[in-house]
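All values below were derived from every heavy atom in this structure, side-chain atoms included, with hydrogens, water molecules and symmetry-related copies excluded. Sequence lines set the chain letters: A, B, ... in the order given, protein chains first and strands last, and positions in each chain run from 1.
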Amino acid sequence: MTERVISLIDMDCFYCQVEARLNPSLDGRPMAVIQYNQWKGGGIIAVNYEARDKGVIRSMRGDDAKKHCPEIILVSVPTVREKADLTRYRDAGREVLAVLCRFSNCVQRASVDEAYIDLTKAVEERMKSLSQFSPDKWKSTFVVGYSTNSSNDEGERKNGFRAWLEDSDSLKNTASLKLAVGALIVEEIRETVLSETGFKCSAGIAHNKILAKLACGLHKPNRQTILPLECVLELYKTLPVKKIKNLGGKLGDNVVEKLGCKTMSDLLKFTEKELQAKYDEKAGSWLYNIARGLDNEPVTARLLSKSIGCCKNFPGRAALNKTKDVHHWINKLAEELSERLLEDEVMNKRRANLLTVSMHLEINKKDNASSKSVVLSSYEVDKIFIVAEQALRKVCKVDPSIDNWYPPIKHLGLSAGKFSNSSNKILKFFKLSENSNLNSTKTNCNTDNAAPISENENKSSFFERMFQRDVSDSNKKLNMVPDFSKHDLYVDSEDSQSSMVKAVNENRESPDESQKDNIKRKLFNLENDDNELEHIDGKKTETDSKKYFVIEQSAVNLNEKNVEKKNTLTNFLNQQVKQEEEWIKPEELFPDISQIDDDLLSALPLSYRNKVMKLKESFDRDLNTKEHGVINNIAVSNGEKLSSESLSAGNSSFKCEECGEIVEDYELHQDMHVAIKLDKELNSIPQVVNRTSSSTINDKDKKRKLKSCGKKKNSDNTKKMKSIDMFFKK
DNA sequence: CTTGGGAATATCT
DNA sequence: TAGATATTC
Ligand SMILES: Nc1ccn([C@H]2C[C@H](O)[C@@H](COP(=O)(O)OP(=O)(O)OP(=O)(O)O)O2)c(=O)n1
Ligand SMILES: [Mg+2]
């Protein structure tokens with residue numbers, strides 16, 4: 001019939017696995033991941049199964065974990081900008097997602113380590129070719145009701161599975177057979193995830209999301225579980241209500257206490273109307289159906305998060321009560337957010353338009369949560385800082401002239417959301433222009449990296465990872481994820497934007513429409529066979545070999561070329577020279593030579609710019625040409641390798657000479673500097689400064705600018721310059 | 001609340 | 001709709 005086949009895949013003790021992959025000596029030993037090890041040994045956020053056996057649980061302090069398990073190894077989450085930084089785990093999660101995408105066009109990221117997959121179609125396909133159902137093909141599949149829950153005994157598993165398969169077969173239970181085929185595919189998926197990422201996971205296979213999620217947890221770790229509809233009621237007889245997703249909180253408590261339901265089967269005695277009367281219409285119906293194993297929630301194809309944010313707590317005495325400290329932390333959060341947003345834009349071709357500042361204030365000893373949203377018109381740290389600070393002030397109503405901040409801040413958060421299609425010129429460096437409209441460009445799951453697992457991979461930047469997929473793979477993805485962008489990534493007509501955001505978008509798309517249109521049909525493919533980028537006093541000397549060409553491309557067959565031409569920023573700067581004849585003529589690129597888009601121009605290589613300039617001079621105009629454009633400002637210094645002693649998991653880390661930050665992924669970090677520069681030059685919105693508020697902010701603004709100047713100075717002193725590529729090439 | 005932190009999603013009003 | 005609340009990982 002129309003039974004879906006849904007799987008939920010959940011990585012086992014995920015952060016622990018990520019750390020163990022980084023440092024294999026941790027393998028097989030009791031281990032937990034903590035953050036902030038100063039206070040009571042840090043807070044545990046992930047525990048591997050060896051340590052779980054000893055009674056260590058999440059939310060324990062490191063010190064307590066040692067009591068349960070003296071041999072436990074506590075690995076710290078990296079601290080960047082004085083706060084925990086989860087980038088490492090988000091990146092690892094994306095690796096997994098990229099593998100999942102190969103098996104279905106309907107993959108929904110549910111968390112950093114979980115995803116739903118709708119396998120209905122894949123199962124139908126497989127049914128056609130599958131000749132025989134030999135139970136041996138299912139290597140790690142349990143069936144609810146055919147083995148003891150929460151035991152991973154292999155003998156039991158095997159017998160149970162075979163019995164169920166025979167039952168289903170002889171009864172011609174097509175719904176169950178579909179689950180069996182789904183489980184076979186999931187076996188393959190999990191095997192692929194393991195071989196390509198090194199991570200183990202568990203999975204649930206059922207006809208809907210709630211049951212798949214429930215099943216997934218029944219035989220962790222490293223096993224998968226089928227939950228056929230026929231077995232639900234039996235399972236529910238002993239299943240505590242709160243085990244069901246969404247019933248783990250207050251609603252679940254209420255169902256238990258007010259309805260007296262200890263187990264899920266206790267819910268069966270209520271009519272739908274009774275439940276609706278007790279709760280609201282929606283929740284009532286939901287409960288009624290869930291109690292019967294029914295759930296219509298679709299798997300929504302979405303690989304990207306809808307918001308990107310960071311936050312930090314300031315508990316107890318650490319509450320921020322000095323303006324200086326408040327500013328310090330807004331700045332740290334703004335820095336992290338800016339970096340992540342920039343990477344997100346390059347990888348995902350979207351821009352966040354709304355910034356939500358959240359805070360918990362201590363008022364009369366009580367925790368008071370609130371939030372304020374403002375337009376996010378630039379990804380620059382300073383801009384984020386200013387609007388965030390303003391938003392915070394509106395809630396706190398604190399006298400700007402006083403050093404003390406009141407009420408004390410116990411929690412600060414910055415989150416960016418309301419994404420829309422990026423019109424960022426940065427993107428023009430990475431892809432053929434627009435034809436890649438909503439329907440084509442956005443469809444690929446370009447948040448993912450499908451690069452094979454290898455030593456190289458850990459060192460490759462997101463630019464590299466992003467573009468390393470081969471053509472066929474990418475096309476497959478394009479086809480497989482048809483509505484990805486329209487429905488889930490971008491705010492279209494359907495999910496209309498707030499007036500606040502709309503206003504800004506109108507503002508954003510201002511000038512040079514004619515030229516933009518023109519550019520849309522061109523590809524800028526920068527090429528350069530020279531590894532040395534020399535950097536003198538903020539200026540660049542250009543070697544002869546730096547060349548550049550532009551291909552004219554019809555709007556139709558772009559997909560393939562698009563993928564082929566995509567490249568890393570590094571390679572972008574280091575590729576082979578192309579014939580100068582291939583360059584697009586300046587007069588073609590700038591049909592109206594009197595109206596040259598400076599942003600675009602500054603992004604072009606010097607030799608090409610010179611051509612344009614000559615053309616323009618011939619138009620007899622005195623030009624105020626930019627002395628050095630974006631490309632020329634790209635300075636790459638080699639990082640200084642640090643001893644990994646003091647750092648978690650024994651990873652190689654590097655000190656960036658440009659900003660002094662200690663980073664794990666040096667290339668990525670350098671790419672970020674490049675991207676920041678690109679962003680600054682290409683992506684700032686011409687905007688009228690809000691006069692009323694700018695005066696009060698001015699003071700801090702200056703300070704902040706001074707600060708970033710200091711960083712720049714640092715980079716100017718850099719003597720040795722090397723290409724990113726050279727640094728890591730073996 | 002009192003040091004269970006950081007992050008993301010969905011729903012309600 | 002923005003802001004708060006609930007839930008989850
Ligand atoms: N309160 C929580 C719960 C989880 N996580 C992080 C750490 C986990 O590694 C990851 C995935 O969460 P899971 O609930 O899936 O837990 P694990 O993957 O660690 O273990 P399991 O094997 O039970 O899935 O999310 C977290 O930071 N804080
Ligand atoms: Mg997990």
Side-chain angles (χ1 to χ4, degrees), chain A residues 8 10-11 13-15 33-46 57-64 76-80 83-90 93 108-116 210 213 216-217 242-254 279-283 286 297 300 302 304-319 333 336-337 340 354-375 391 394-395 410-418 488 495-502:
Chain A
L8 182 275
D10 183 302
M11 310 309 293
C13 55
F14 188 48
Y15 289 10
V33 174
I34 59 173
Q35 43 190 8
Y36 304 125
N37 55 14
Q38 291 314 101
W39 211 72
K40 293 189 177 178
I44 292 179
I45 58 175
I57 60 169
R58 175 153 43 225
S59 89
M60 243 176 206
R61 317 282 352 185
D63 290 346
D64 298 328
S76 284
V77 168
T79 294
V80 179
K83 69 177 282 302
D85 186 302
L86 306 180
T87 304
R88 177 183 289 181
Y89 313 107
R90 282 185 289 259
Q108 179 173 17
R109 185 195 137 112
S111 82
V112 68
D113 87 323
E114 281 175 50
Y116 291 95
I210 291 288
K213 170 69 181 164
C216 178
K242 302 198 72 180
K243 297 281 186 190
I244 296 285
K245 182 175 160 127
N246 283 333
L247 293 179
K250 293 179 178 180
L251 177 58
D253 284 338
N254 193 289
Y279 305 97
D280 61 29
E281 189 182 319
K282 206 177 160 194
W286 185 81
E297 193 66 27
T300 306
R302 198 188 68 230
L304 306 181
S305 50
K306 293 177 170 181
S307 65
I308 292 175
C310 51
C311 60
K312 174 142 184 65
N313 279 355
F314 307 97
R317 274 189 306 301
L333 294 174
E336 180 182 331
L337 186 63
R340 287 169 56 194
L354 193 73
L355 179 75
T356 300
V357 182
S358 61
M359 66 227 75
H360 293 200
L361 306 176
E362 185 184 305
I363 299 172
N364 301 328
K365 308 277 186 190
K366 289 224 174 163
D367 193 285
N368 219 281
S370 58
S371 69
K372 194 116 201 139
S373 297
V374 294
V375 169
K394 275 178 192 152
V395 176
K410 316 207 76 174
H411 167 100
L412 259 185
L414 297 183
S415 177
K418 299 260 179 198
D488 302 309
D495 182 8
S496 70
Q497 298 179 20
S498 72
S499 51
M500 198 192 268
V501 170
K502 266 183 189 156

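For A/Thr79, there are no side chain to side chain contact (heavy atoms under 4.5 Å, CB included) partners two or more places apart in sequence or in a different chain. Looking at residues two or more places apart in sequence or on another chain, you find a ring pair (Phe, Tyr, Trp, His ring centres under 6.0 Å) between A/Phe314 and A/Trp329. The ring pair (Phe, Tyr, Trp, His ring centres under 6.0 Å) test applied to A/Tyr15 returns A/Tyr89, not counting sequence neighbours.
For the P atoms, the distance from C/dC9 to B/dT3 is 26 Å, rounded to whole Å. Across B/dT2 and B/dG6, the matching P atoms stand 13 Å from one another, rounded to whole Å. Nucleotides B/dC1 and C/dA6 place their P atoms 12 Å apart, quoted to the nearest Å.
Mapping heavy-atom proximity under 4.0 Å, the span of DNA chain B touched by chain A runs 5' to 3' from B/dT2 to B/dC12.
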Letter per nucleotide, 5' to 3', of nucleotides 3-9 of chain C [B base touched, S only sugar-phosphate touched, - untouched; heavy atoms, 4.0 Å]:
SS-SSSS
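For the pair A/Arg340 (side chain) and A/Gly309 (backbone), a donor-acceptor distance under 3.5 Å is present. At least one donor-acceptor pair closer than 3.5 Å links the side chain of A/Arg58 to the backbone N or O of A/Ile45. The backbone N or O of A/Gly43 lies less than 3.5 Å from no partner atom in the side chain of A/Tyr36, so there is not a single donor-acceptor pair. With hydrogens and angles ignored, the 3.5 Å screen pairs no side-chain donor or acceptor of A/Asn313 with any backbone N or O of A/Pro315.
Within 4.0 Å of A/Ile45, counting heavy atoms only, lies at least one base atom of the nucleic acid. Within 4.0 Å (heavy atoms only), A/Phe14 reaches no atom of the nucleic acid at all. A/Lys282 comes within 4.0 angstrom of sugar-phosphate atoms only, judged by non-hydrogen atoms across all strands, and of no base. Across all strands shown, A/Gln108 has no heavy atoms under 4.0 Å from either base or sugar-phosphate atoms.
Remark: A/Leu412 CG to A/Met359 CE distance equals 7.5 Å, nearest 0.5 Å. The CD1 atom of A/Ile57 lies 8.5 Å from the CD1 atom of A/Ile44; values are rounded to the nearest 0.5 Å. Atom CG of A/Asn364 is separated from atom CD of A/Glu362 by 9.0 Å, given to the nearest 0.5 angstrom.
Within 6.0 Å of NZ in A/Lys243 there are 12 or fewer heavy atoms belonging to other residues, nucleotides or ligands.
Listed in residue order, the members of residues 358-368 of chain A having a heavy atom less than 4.0 Å from DNA chain B come to none.
Where A/Ile308 and A/Ala283 each meet DNA chain B at their nearest nucleotide, the meeting point lying more 5' is that of A/Ile308. When the nearest nucleotides of DNA chain B are assigned to A/Arg90 and A/Glu297 by heavy-atom distance, the more 5′-ward of the two goes with A/Arg90.
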